[in-house]
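What follows is a single structure, written as structure tokens, with notes after it.
We name chains A, B, ... by the order of the sequence lines, and we start the count at 1 in each one.
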Amino acid sequence: MNGVHDVLSPAGPQAATLYQLWNVMLVACTVVFVVTIVALAIAVWRAPRATERAKPDLDPHPRKVATLRRSVVWGIAGSSVLLLVLLLASFVADRALSALPLANAVRIDLVGHQFWWEARYESHSPELTFSTANELHVPVGRPVLVRLRADDVIHSFWVPSLSGKKDLIPGRESTIALRADRAGTYRGQCAEFCGYQHAQMALVVVADPPADYERWQALQREPARAPETAQERRGLELVEQTSCAMCHAIHGTRARARRAPDLTHVASRGWLGAGAVENTPALRAEWIANAQKFKPGINMPPLDAAPDDLAAMSAYLGSLR
Amino acid sequence: MSSRFLDRALVLAVASVGALTSSGCEREARDFLPPKPGAEVGHAASAAASAAAIASAAAMVGRYEHNAHAVSAGKRLWTWYNCSGCHANGGGGSGPALMDDVWIYGGDAGTIYLTIANGRPNGMPAFGSRIPKDQIWQLAAYVRSLAGLASADAAPNRDDAFLTRTPESFSDSQKPETVKPSAATGRPQ
Amino acid sequence: MDDARALPLRPRPRRRSRAKAQASDRRELLRDGDGAGSRAAAELERTWQDKPGLRGFLSANGHKTTGLRFVVTAFVFAGLAGIMGGLMRHQLATANSHLVGPDFYNQLFSMHGTAMMFLFAVPVMQGFALYVVPLMIGTRNTAFPRMSACAYWLYLLGGLLLFGAFATNTGPDAGWFAYVPLAGPQYGIGKRADFWNMLVTYSEAMGLMVAVDITTTILKLRAPGMTLRQMPLFVWASLVTSVMIIFAMPMVMLGANLVQFDRMLGTHFFNPAEGGDPLLWQHLFWFFGHPEVYFIFIPALGFVSAIIPTFARRPMFGHDAIVLSLITTGFLSFGLWVHHMFATNLPELGKSFFTAMSFMIAIPTALQIFCWIATIAAGRLVMRTPFLFVLGFFFILMIGGLTGVMLGSVPLDLQVHDTYFVVAHLHYVLIGGAVFPLFAALYYWFPKVTGKMLSERLGRWHFWLFFIGVNLTFFPMHILGLHGMPRRIYTYGAETGWEALSLVSAAGQVINDLGTLLFAINLVRTVFFKSERASADPWGAGTLEWSVASPPPKCNFFALPVVASREPLWSPPAEVTHVQGLSAQIREGLTTTVIDALPDTRYAYPAPEIWPFVAALSVTIWLVWSVWSVPGFAWGLIPPALAFLLWYWPNKKEAIEELKWEGEP
Amino acid sequence: MRPAVARAMPALPAIVMAVASHVAFAATASDAGDWPMAAHDYASTRFSPLADVTAANAATLKLAFTFSTGVVRGHEAAPLVVGNTMFIVTPYPNVVYALDLSQPGAPMRWRFEPKPEAFAQGVACCDVVNRGLAYDDGKVFLNTLDNQTIAIDAANGRELWRYRMGDIRAGETRTMAPLVVKGRVLIGNSGGEYGVRGWLIALDAQKGKELWRAYSTGPDREVLIGSDYKPFYAKERGSDLGVKTWPADAWKIGGGTVWGWISYDPELDLVYYGTANPGPWNAEQRPGDNKFTSGLFARDLATGQARWFYQLSPHDEFDYDAVNENVLIDLQVAGKPRKVLVHPDRNGYVYVIDRATGEVVSATPFVQVNTSTGVDLATGELRYAPGKHQRTGTVVRDICPAAPGGKDWQPSAYSPRTQLLYLPHQNLCQDQEAMQTGYIAGTPYVGAIVKMKPGPGGHRGRVTAWDPAAAKARWTIDEDLPVWSGALATAGDLVFYGTMEGWFKAVDAKSGRLVWQFKTGSGIVGQPIAYRGPDGKQYIAVLSGVGGWAGAVVAGDLDTRDGSAAGGFANVMGDLKQRTTKGGMLYVFALP
């Protein structure tokens, strides 16, 4: 799953605030580090050498000790003041984060599962709600309010270029607000260890210009496209009769389970398995045959089907734009 | 403590570690891929799985009933595939109770595999074409742990959910007994 | 020491009772106090000698034996955990690599974390304290040697069980802090989490026992004249660490056992559906977790404060300031555990209090650093390996400490929490803050322990390789963390762009291994093949442990020393130098008052017994039984109860023996 | 019963004077002694005009004859009596027996075995029950569990025609008692727990051809909503509400089945029935009001076009079906006599609704209700209690009334003499956790774990004599076990009902005093009836055989160690196995 995935290249107000705070901290800490190490280096450089048999000088030198005590006191005072400054910078940044205006926000209900993200786009009329997986589209410039809930273990939602991370904890509900100010694809990844495939639980937030976003949203609300070719019809038949329909849902077909990603518009997503494998016809067939090969330990079982059946299913799923 | 006693103690320790190891490996193995097709049971949607299923069930015991991953996967599938709809959490509903020791068609893993794969006339749907074989074996292992017939070490503990019964690792296969709800709390005594 | 003036003990009038001497019939009473060659010294040697054979080995309770065993076992476990760390680095060196599968990798990083934190870092620091503190404060053994011996056996058995579990594919796989619900009853599949919970209970029990032993020893068994203000800084560090351990460790024992009850007995402490809360575990764990990392850091500060005066050839500048900052660090460390939980949905205001605390705790450490630099500036430097490691410590700890300040800020932590930035920070602080001072201490006290000097040349090679290796391995991780690489992932796609820096850090790891290899060679060569002996005080240091031979005699001091200054060897006491009059026939010591170390009572150290080992075994039976079966929780308590009962059962023969010796003038 | 705050109509009692109301219309049966349909008459009063058995002589009632049905599941049916033949129907395999009452001991004249498919047993959510037959014009109409409606010649038991509609492989079954009106047989399906989309169908009584079909969800065209649909409340108006108030195509598996009771008003020519709960129970998975589930429909008999609809529990979160009986009476409201229907609903309220316009006259709780705070009569809206909302993964405790509601399917009886409605019902609360669930055809689509427990007071059942005019209970009898049988009111001022332990009781209609009781062989979940035999004597008949949702613990041999078994009943019916066994027997009593 490719996309901008970097704390140091922010694309939203939240990440920008954090980037500024990072710079302040970096500068302050580097200064402290350099000053201390230089002081140490000078001390070591100028201090005379001796051997272990040299007699320890026990009588304190009043003059030298006075200067040293003054420098230590100044050192402590300086570092305390610096820490206070950093503390204030941290509080200011924290307030800025929570001050994001939320008017006209896109509401997304994000549920973390073991090793994929379920996103349900809510809307005032129930008929217009739809759910997708692992790839979220958001309009540029409009705030997004994401409600976070975990279905099994603790996960953590984190798209570094847009905002800080927030944990999804079973039994608790938390929300995070973010906004993308530049169009682009921003990658994120689960940041709390959640089991075998914590490594491949990525997600992508695609910031589209408002017009593209409306078009994408309208497309997502459509039921699945009817199969046209014989191969696609065969693919649909297999999807409805074999184990796919036991976990997946494709609106408009008899597959209506909710335990796995909604495949109604799977072809509009660039990757499968939350970033495990690219969504090309060949790889899709291989993924259906044995997902454990790419992502061992996930809940999707291998399917022993003939190669042309796999091709038919891959073709059918490929047609679901 | 004469040294002779120590040698014997040493031998005993090594033996017990050996036993622990073998049971440990079997219980803790995480095999995400199903066994090679040879050891499998033919399951084409139409053909009924034959007596071979029961014969090969014995071979499956180590890989499923004594394996904690397989039994807990069976417990997850029990909820995912709506078995809990008819059988609740083992107590039964429109389907029979599976946590007691009364088996309508037999309680061994092979028969349970056949029941899931081919269904039963009185209302058990056939899942053979819709659930992969490996998962049917996992479900069979979990059903046996419901009744306390699978190994207690591998049996799953309680779920992070609403408590409806004592965990499977507690269940022993004695008969169901009646539980009078106390008037005040409604909790069974 | 023939011209030493001894401090005669007041003879107490007692009626004489016949005692059955071990060796022969009634023997003439011998007193200590007169020098190495005397007959009393030979008698002392025989009294403090361990019994031969396996039974003797198992029942030895000398502080040097137990301390050495702790350090050696800890380094063995560190070696194993280090190999696991290496394996993980090579797995992550390239994208999509299949060197190791996800399940084994999860066990690897969980074992690496658990073994390093619970089985290496804390025990090795306590091992050093057990060995060095009695020598430094001028006594013959710790106050409760049998408790420390039992603690060692618990530690050994716990470690063996954990590594045994790992060998049988039952190693913990939910990380070293095993967050619930992943380590809970539903998602913690099999017995893996049970072994982790059990190991935590083991190592915390061990930590508590040793901490109580060291605290009592420091407070009650100091040499006469060593008032609190004249106590060496390393002893202060050990005291602060032990008191912190006593307060922090019970918390995680409680937490681990609550998870075990949830898993085995079906309770609902962490089940959100029945009123529990997963965050409760995080609070319980981190309330212990943060003081835990300070148990490891403060003894290391003690090492540095012990080594710098020796190699700067002058007393420590700002001794009292360092003591106060040690104590302050000890207290403050209990107030900032929520900075591990900034990403959860705890209230924001609450979190910012912890930001303030996390910043405040940096001040005492800064004070110590400035005092050390001042000491170096005002001293004449002996550039030997221990001092090199201390200089390396400064460099790496500063980076770790400052990234720690960055992590302390709530908003910034939201970006870098649970990423490789944190992995870098914790390694810089642990390796910089603990392992470098540990190597310094090892090179510094090695001649005292084994009587042979480690080679300087190999030592320098080891230092430079280790210094470069650590920086090369862990500095790139800061940048990886900022590029979004989360923690604990077993692989990553090529498109993430993390491959280059991961390769660099894998190379750094190789250099690290080389350094450690050189250290091992140096160790083996010195212990087995070097012949010439080191002198009693090869570094010309000032503290008491350098006043005895190396390796020190079984009874440490043929005549307990009296102290008048912070560096007794540099400024010996004017008039009275030794205590005289303790018996040589039994293991006897002198207790002194807590503040001013005035002689208080004569104290008979317990003789070696097999019971500590038996008690540790019985506790093992209970813990293993409770992992396998629910009744095991209850019935398993019978063996330990029996073992401890029999241990303390009054024995008529011994009672008479002690009465006799107490009766002696 | 804690008097729930009657926010609904604080002024109601003042306005409505207790005025003699009379049953809307005389029973159409040819002879007052017959019992031609389960509810006795189209107004569903279950009132028998026979007055031979009175409170005075009831104590001498003795057993006239018995008949074993040979089946041991839940016997929820009501026997029918036409002329001197009694027709009874058993649970699966739904055997119909005709008994010749003119002979001593009522021997069997003929039996009819529909042989329904065995698979249907697995998809009947709450025991393989059948709630009764219907008789009209020489024909007996039977619903079988595997979705067939069969007409049988009453004289010789030969099958006339058979109508099949519904796929048991998708979880659809049929358990309701049909209603035959003017040559039309009205039937509905059940299977809301399996994601079955509900419908009501009218068949031609002669040849069994489908005349019209009205779905409970979906576009207006399929719900038969057209020009003359004039609901009283604004919230029911709008086009295609059956689609708009659901997430995308969730209405296709949305429930709203019709498995309860149907009433008919000949003057208005309207059919009244309720629709079941929406699927799945986890309400978070179906945002919106989920029209037209858990509501009452009034439809034109001839065309099926909806006249009005009132949704009792919008966006129902607690499985409160609205399928209970609608008793049609005339009531004095604000001085004027109004045609109303009284509907004791599962959400805990007794609704009195004007049956011409659908306006809610009053809605008063008859059990402790904490899931809602009241019904706003101006808008018809049921105000839900905020603390009891269902959220996936969280447990909501002490939900009163529990899923089976204040009163489940067991029908009440209305006596025009005492103007009281006699409600046999349960007193249960529950804890519930909503869970993520997916639709897999043929498996339950519920998404909730439930554990029931006794309601306030600790007793699990109760019989309430409810005064619809004053909207409060005149007297109540507390029973230890839920009262899962129907009620019978007679002109002799007696009320008959059975307990799940097997006691068949008669109580004085005015005071509720126990007058007579008889211990039958198994728990009674059937509907008692009264008829005049060929010898002119009054007979009381009831089917005994424990089962239904409450009795599933015994009928299905379930294991009560799992509190969530039998949809949550196992947690509260742990002792039922000790107090009754399975059975299947007809008991008929008469004065000596």
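- Interface remark: Trp158(A) contributes side-chain atoms only to the contact with chain C (heavy atom separation under 4.5 Å).
- Annotation: side chain of Leu97(A) is in contact with side chain of Leu414(C) (closest heavy-atom distance under 4.5 Å).
- A distance-only check finds no donor-acceptor pair linking the side chain of Glu52(A) to the backbone of Gly540(C) [under 3.5 Å].
- Atoms CZ and CZ, on Phe395(C) and Phe33(A) in that order, are 4.0 Å from each other to the nearest 0.5 Å.
- At a 4.5 Å heavy-atom cutoff, the contact between Arg49(A) and chain C is made by backbone and side-chain atoms alike.
- Looking at Arg313(C), its side chain does come within 3.5 Å of a backbone N or O of Ala54(A) through a donor-acceptor pair.
- The main-chain N or O of Ile489(C) is never found under 3.5 Å from a side-chain atom of His198(A) such that the two would form a donor-acceptor pair.
- Remark: aromatic rings of Trp74(A) and Phe370(C) are distant, center separation not under 6.0 Å.
- When side chains are defined from C-beta on, Met1(A) does not count as touching Thr496(C), because their heavy atoms never get closer than 4.5 Å.
- A heavy-atom distance below 4.5 Å is not found between the side chains of Ser156(A) and Asp418(C).
- In summary, the side chains of Gln197(A) and Tyr490(C) do present a donor paired with an acceptor at a separation below 3.5 Å, with no hydrogens or angles considered.
- For chain A, the option among Ile373(C), Asp103(C), Asn96(C) with the highest count of heavy-atom pairs below 4.5 Å is Ile373(C).
- Each of Gln186(C), Met383(C), Met485(C) has some count of heavy-atom pairs under 4.5 Å with chain A, and the biggest count is that of Met383(C).
- Options Ala312(C), Ala378(C), Gly493(C), Gly184(C) differ in how many heavy-atom pairs under 4.5 Å they form with chain A, and the most are formed by Ala378(C).
- Here the CG-CG distance, from Leu482(C) to Leu8(A), works out to 5.0 Å after rounding to the nearest 0.5 Å.
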inquiry  = Working note: Thr344(C) + Arg172(A), criterion side-chain contact (heavy atoms from CB on, under 4.5 Å); need CA distance, chi angles, decisive distance, verdict.
reply    = CA-CA 10 Å; Thr344(C) 61; Arg172(A) 280 170 172 262; over 6 Å; no
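- Aromatic ring centroids of Tyr196(A) and Tyr105(C) lie 6.0 Å or more apart.
- When heavy atoms are compared at a cutoff of 4.5 Å, Lys64(A) approaches chain C solely by way of its side chain, counted from C-beta outward.
- The nearest pair of heavy atoms linking Pro181(C) to Asp152(A) is CG-O, 3.5 Å.
- Proximity of Pro56(A) to Pro315(C): side-chain heavy atoms (C-beta onward) are nowhere separated by under 4.5 Å.
- Options Gln415(C), Met341(C), Glu495(C) differ in how many heavy-atom pairs under 4.5 Å they form with chain A, and the most are formed by Gln415(C).
- When each of Leu182(C), Thr310(C), Thr403(C) is scored by its heavy-atom pairs under 4.5 Å with chain A, the top score falls to Leu182(C).
- Residue Gln200(A) touches chain C through its side chain alone, counting heavy-atom pairs closer than 4.5 Å.
- No side-chain donor-acceptor contact under 3.5 Å links Asp167(A) to the backbone of Asn345(C).
- Within the 4.5 Å cutoff, the side chain of Pro486(C) has heavy atoms near those of the Gln189(A) side chain.
- With salt bridges taken as basic N to acidic carboxylate O contacts below 4.0 Å, none links Lys351(C) and Asp94(A).
- Contacts of Ser163(A) with chain C are made by backbone atoms alone, with heavy-atom separations under 4.5 Å and no side-chain atom involved.
- The OG atom of Ser358(C) sits 12.5 Å away from the CG atom of Leu86(A) when rounded to the nearest 0.5 Å.
- The closest donor-acceptor contact from the side chain of Lys165(A) to the backbone of His417(C) lies under 3.5 Å.
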